[in-house]
Amino acid sequence: MPKPQPHDQAGPSSVPLPAEQPLPTAGLGPSTASVHAGEARQKPGFSITDPIFAASTYTFRDTQSIVDFIEEEHPREEYGRYGNPGERVVERKLAALEGGEMAVLFASGMGALVGLLMAHLSAGEEIVFFDECYHRSREFCRKHLTRFGVGFREVPTCDYEAMEAAITPRTKFIVSESPTNPHLSVVDIERFADIGRRRGVLTLIDATLCTPYNLRPLEAGVDFVLHSATKYLGGHNDLLAGVVVGSAEKLEPVRNLRGIMGGVNSPHNAYLLERGLKTFALRMERHNANGLAVARFLERHPRVAQVFYPGLESHPFHAVAARTMRGYGGLVTFLLRNADGSPADWRQTAKVIDAVKIPRIGPSLGGVESLIEQPMVMSYWNYSPAERAAFRIPDNMIRLALGIEDSADLISDLGRALDVA
Ligand SMILES: *Cc1c(COP(=O)(O)O)cnc(C)c1O
């Protein structure tokens, strides 16, 4: 049977393949990469934007083209659970932004975490976390991975000796976030990667809060970077997605398992993410500027007992952050006090939350709209005071996820709320 001609595969609605990418992504600045990386220069219909391929399946011209596809003569799509052309654009863009070889996109950050760990961990192996990691990530390991015979340990965040001591011959993975949420602890990424290399364990950084704009974990030698793309990468509080970035060799099993688990994005959602990513670097500049300006304002305010923000000289991890990060992001946590200096109780703290007019009250972070919340109420209401103390979540803690509004407006709004509450 004659080989299909190129035009059979590369018609107007063909998949833009990596080989067609004329723009080398290495060395590009984050804004140029956000706008252009991963995209074909010429697109179907000569459109400047990528089309949304709302397809659950892909058809073959004839039997020989199926055989060619299976024998990997012609990479192309087959079925929606295994890939979509728009999803591949986003994956290439995210890989370029992170400086990684491959990215695998999931339907949420948690989907990405579960997919990565399930693909790499087997019964009898162990995983060690720094304890300030996202509570659902740790819950997955503690309650679910253990059911499959995978051991789970936690050590105090940034206690590198404790992390080393927890590693056994069965340990496969060490995991951290940086900065952590809501305490904004900053992991020394080089030290973390070095532990992994020396001890022969895989390293994973959940870099949702720093983003590739502020930190480059793969360059420091970390094996996997994970993001809840729901946050800064999507950036508009209008989608959920997750991604893991790393080497193709280590991510092929993750991609294969995703095809079985089915935690994929709809083509429309992938397009929303691509659209959001266009302004990623611009937005991060503003998030960083707003974070620093608001943190500095709060630090001087008499009603504020303590501010957690790695850009402040007073932050315990400021030196590490200043050495490793480009900026410090839009998340600012602070503790409220009364005029007499005593800690505010939870109801007084709630008054500040209820008095602000610009930030909306809600969980999440990383979108253009500022959000405000009281962790004790939003995430720890059903915990006992002792448990909250163990998690270091006092009643007077407020978490601000700053958006891209003007910092002067945010500051005057917060100042007024602090005065009236
Ligand atoms: C939100 C978040 C997650 C979970 O991501 P989803 O997209 O909500 O599933 C994981 N890690 C961190 C640090 C997050 O902020």
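Numbering of ligands and ligand atoms starts at 1, following listing order. What you see is a predicted model, and the numbers here were worked out from it, not measured in a lab.
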Step by step, would you call Arg136 with Glu139 a salt bridge (charged side-chain N to carboxylate O under 4.0 Å, His left out)? CA-CA 5 Å; Arg136 296 292 183 207; Glu139 182 180 340; 2.7 Å; yes
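Using a 4.5 Å heavy-atom cutoff, the side chains of Arg337 and Asn396 are not in contact.
In this pair, Phe280 and Tyr213 present their aromatic rings perpendicular. The plane angle is above 60°, beyond the 30 to 60° band. Classified by interplanar angle (parallel below 30°, tilted 30° to 60°, perpendicular above 60°), the ring pair Phe130/Tyr160 is perpendicular.
A salt bridge does not link Glu274 with Lys93: every distance from a Lys NZ or Arg NE/NH1/NH2 to an Asp or Glu carboxylate oxygen is 4.0 Å or more.
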Between the protein and ligand 1, are there any N or O atom pairs that come within less than 3.5 Å of each other, and if so, what are their names and distances?
from: ligand 1; atom 1: 5 (O); to: Ser228; atom 2: OG; distance (Å): 3.0
from: ligand 1; atom 1: 7 (O); to: Gly109; atom 2: N; distance (Å): 2.8
from: ligand 1; atom 1: 7 (O); to: Ser228; atom 2: OG; distance (Å): 2.8
from: ligand 1; atom 1: 7 (O); to: Thr230; atom 2: OG1; distance (Å): 2.6
from: ligand 1; atom 1: 9 (O); to: Gly109; atom 2: N; distance (Å): 3.1
from: ligand 1; atom 1: 9 (O); to: Met110; atom 2: N; distance (Å): 2.8
from: ligand 1; atom 1: 11 (N); to: Asp206; atom 2: OD2; distance (Å): 2.6
from: ligand 1; atom 1: 15 (O); to: Lys231; atom 2: NZ; distance (Å): 2.7

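Heavy-atom contacts from other residues, nucleotides or ligands closer than 6.0 Å to CZ of Arg138 number more than 12.
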